[in-house]
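Worksheet: the structure to be examined is printed underneath.
The chains referred to below are lettered A, B, ... by the order of the sequence lines, with proteins before strands, and numbering in each begins at 1.
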Amino acid sequence: MTVILVSSDNQDFKVDKEVAERSILIKNMLEDVGESDSPIPLPNVTAAVLTKVIEYCEHHRNDPVQVPEETDDPRKRSNDIEEWDMKFMQVDQEMLFEIILAANYLDIKPLLDVGCKTVANIIKGKTPEEIRKAFNIVNDFTPEEEAQIKKENEWAEDR
Amino acid sequence: MTFTIARLSTLATLPTEIFENIILLLSQHDLTQCVRVSRAWNEAFTPHLWRIIPLFGRTRFKRFMLPDTQGELYKNTAHVREIQVKHEKLYNLFLPSRRLSEAILSDAEPALSDNAFTIGPFTNLRVLELHHRPLARAYEFDEGIFEIVRQNPGLRRLKIGVEMEPEVLLSLVTEHVPNLQELDIETPWRGDVKALLDNLPDSLRTVRLKDVNHEIPWKGYVSSTSSATKRRPLQHHALESLHIGGNLAGQEEQVLVPFLEGCNQNLKTFLGTTRVICFGANWTHIDLFNRCVGPLTAAAIVNNCERLEVLDIMESGTWGLSGSHLQTILTKAPRLRSLQVRWLLGTEKISSVDILSSEWATTSLEHVDLKIHVPRITADQEDADDDDSKALRASSRDIQRQVLRRFGQQTHLRKLVIGGMAYSSATGEFGHQLECLEMTLESGLNELKGLKELEHLDIHDMDHRVGVPELEWMVANFPKLKHLHGMHCSLRPPNEGVQEWLHSHQPKWSCVCVFTGSVL
């Protein structure tokens with residue numbers, strides 16, 4: 001059975017129901033709507049992003065549904081991304097953030113996780129200047145201000 | 001798509017939940033770099049950087065005590081959720097600091113206490129862990145610790161590794177942490193343990209009192225009415241794990257029994273070096289190293305062993321748990337994984353009768369440590385050829401085979417210890433086990449062929465008869481065997497060829513002789 005998803009820029013996407021239901025939002029919508037054939041509007045997701053999201057869901061269509069882990073340690077790891085996912089996430093930053101926002105809106109937790117891990121990996125191990133370059137950010141601190149901040153927080157740095 | 005570029009310009013503008021997801025993946029060091037990137041990033045990341053204050057190590061501690069850091073700390077105390085300090089100069093955090101007051105006065109802030117740690121009180125602490133190496137008496141900073149705890153009724157985890165005045169600690173723990181889930185007192189605590197236990201917060205899930213020294217209050221023994229505490233109905237339904245070490249001055253029953261009775265609902269793990277006579281049906285681990293197990297305790301264990309996974313009672317008690325108790329446990333505890341009762345049966349080994357009287361409920365045993373009694377024939381009868389001797393020999397070997405068959409069914413078994421000296425009622429002395437398994441192929445060794453996971457086999461101080469055929473069989477059937485103890489200290493000279501075989505074959509096991517400690 002297929003469903004039709006409509007992006008914010010009015011493009012139709014025909015998708016297998018099983019694939020679409022990787023999104024809990026869509027899954028719930030379909031349950032409410034029942035057997036109707038009407039297309040599902042997704043006003044927060046553009047066609048370009050939706051294409052990527054559908055690609056992810058297709059590839060992962062047979063994955064077991066994730067059960068939320070209840071571990072005592074809230075600190076998670078970011079070094080366990082599958083190879084396919086890693087290649088999938090090699091997009092420009094704009095798209096990266098759009099995918100994250102879309103995964104959040106559509107409630108696709110695995111995709112959201114991969115997105116967050118990817119962003120974290122961009123930050124990890126970098127100096128402030130390297131982070132600025134990576135995210136195209138302008139430094140609005142004076143050198144003195146930045147030095148002061150460094151001093152105040154130096155205790156927390158690894159050495 | 002231009003709006004997305006503006007949205008992109010700071011990671012910090014992502015929705016909060018997503019941002020926090022990413023934060024959880026970053027180390028504290030990463031966060032120190034992020035707060036320097038730009039003003040927007042600084043504002044977004046700083047609260048998270050200050051969530052945890054881990055002070056281990058000299059460098060970090062020194063940097064933390066600098067005025068600049070302290071100034072920043074002052075602004076961010078509301079964000080601090082966890083403080084973990086392990087440093088011998090811990091008390092520095094609680095003593096007046098001149099530099100500190102200067103830093104604060106220069107900002108024209110109202111004068112606060114001079115204490116470093118009570119600057120801009122922490123009010124959102126969830127975890128407080130304080131350790132130091134005991135260099136000096138440190139009651140001076142009790143007040144500082146008291147203040148922090150008192151200001152943080154939301155504390156979930158409290159670990160105290162510093163010595164505190166017993167009354168202060170008692171009051172702290174019983175009155176000021178109503179939401180505490182984990183309590184860990186590492187340092188020796190001398191005081192009224194009953195008052196402590198009776199008045200612990202109901203929310204506790206884990207309690208560890210490493211080294212208590214129960215002192216009956218001088219006012220007279222009705223500890224529940226001591227001045228600092230009042231008696232409340234006991235209802236520690238949330239408690240899952242209790243570790244209590246130390247000395248209860250013979251007051252185990254009065255102190256522990258009412259407490260344990262009040263919290264048996266969820267209690268799964270109890271570790272104690274004290275005598276205990278009360279167990280709950282949910283217990284999976286019983287570990288009473290070095291303590292006597294009396295008859296009441298034994299009965300309690302037997303009555304509540306359905307969920308038991310671990311029973312470790314290694315103590316030279318001569319009363320209490322008997323072979324027949326163990327037999328009952330073996331038939332009633334399907335989840336039993338570890339059964340270590342070696343010294344327990346000082347006068348009594350578990351007899352083959354008890355082992356064989358019914359099927360064992362468990363097939364998950366991984367670690368067994370006990371001594372087994374089987375009837376053996378005398379040295380004369382061994383070589384004799386008359387019918388009586390033959391019959392006795394056959395009967396003994398048959399029993400041994402059946403015993404070994406029971407063990408052979410425990411295919412997860414990794415460690416099997418049946419060796420060691422035992423008390424013999426015949427001679428009235430401690431000595432080698434004489435009426436024990438021979439561990440030969442003729443007497444059923446091959447029944448153990450299913451023990452492919454076996455790593456450790458201990459048959460020392462036993463009158464076993466392991467010879468070269470047995471050793472070869474073991475090489476062939478115990479692929480994971482790493483240790484075999486008992487080849488050099490049998491009563492009689494080793495079987496023919498054993499020394500040479502061990503020498504020439506050099507199996508990958510280590511064979512330790514207990515007496516001389518020499519390793520082959």
[X] atom [atom1], neighbour heavy-atom count above 12 within 6.0 Å:
X	atom1	value
B:E43	CD	no
B:K86	NZ	no
A:K124	NZ	yes
A:E31	CD	yes
A:R61	CZ	yes

The interface call for A:E145 against chain B, heavy-atom contacts under 4.5 Å, is side chain
Honestly, the part of A:I131 sitting under 4.5 Å from a heavy atom of chain B is side chain
Quick one: [atom1] on [X] to [atom2] on [Y], what's the gap to the nearest 0.5 Å?
X	Y	atom1	atom2	result
B:I22	A:L112	CD1	CG	8.5 Å
B:D30	A:E157	CG	CD	11.0 Å
A:I123	B:I23	CD1	CD1	7.5 Å
B:L73	A:E152	CG	CD	11.0 Å

If you tally heavy-atom pairs under 4.5 Å between each of A:E146, A:K117, A:E129 and chain B, the highest tally belongs to A:E146
Among A:N139, A:N104, A:N121, the residue with the most heavy-atom pairs under 4.5 Å to chain B is A:N104
Of all the heavy-atom pairs spanning [X] and [Y], show the shortest one and how long it is.
X	Y	answer
A:D140	B:R39	OD1-N, 2.8 Å
A:A156	B:R60	O-NH2, 3.6 Å
A:I137	B:S38	CG2-CB, 3.9 Å
B:D68	A:K151	OD2-CE, 3.1 Å
A:T127	B:Q33	CA-OE1, 3.8 Å
B:I52	A:W155	O-CH2, 3.8 Å

Among B:L49, B:N42, B:T32, B:N21, the residue with the most heavy-atom pairs under 4.5 Å to chain A is B:T32
Q. Does the side chain of A:L101 come within less than 4.5 Å of B:I18's, by heavy atoms?
A. yes
Paired with A:N153, the side chain to side chain contact (heavy atoms under 4.5 Å, CB included) test is passed by just one of B:R63, B:E72, B:Q28, B:R36, namely B:E72
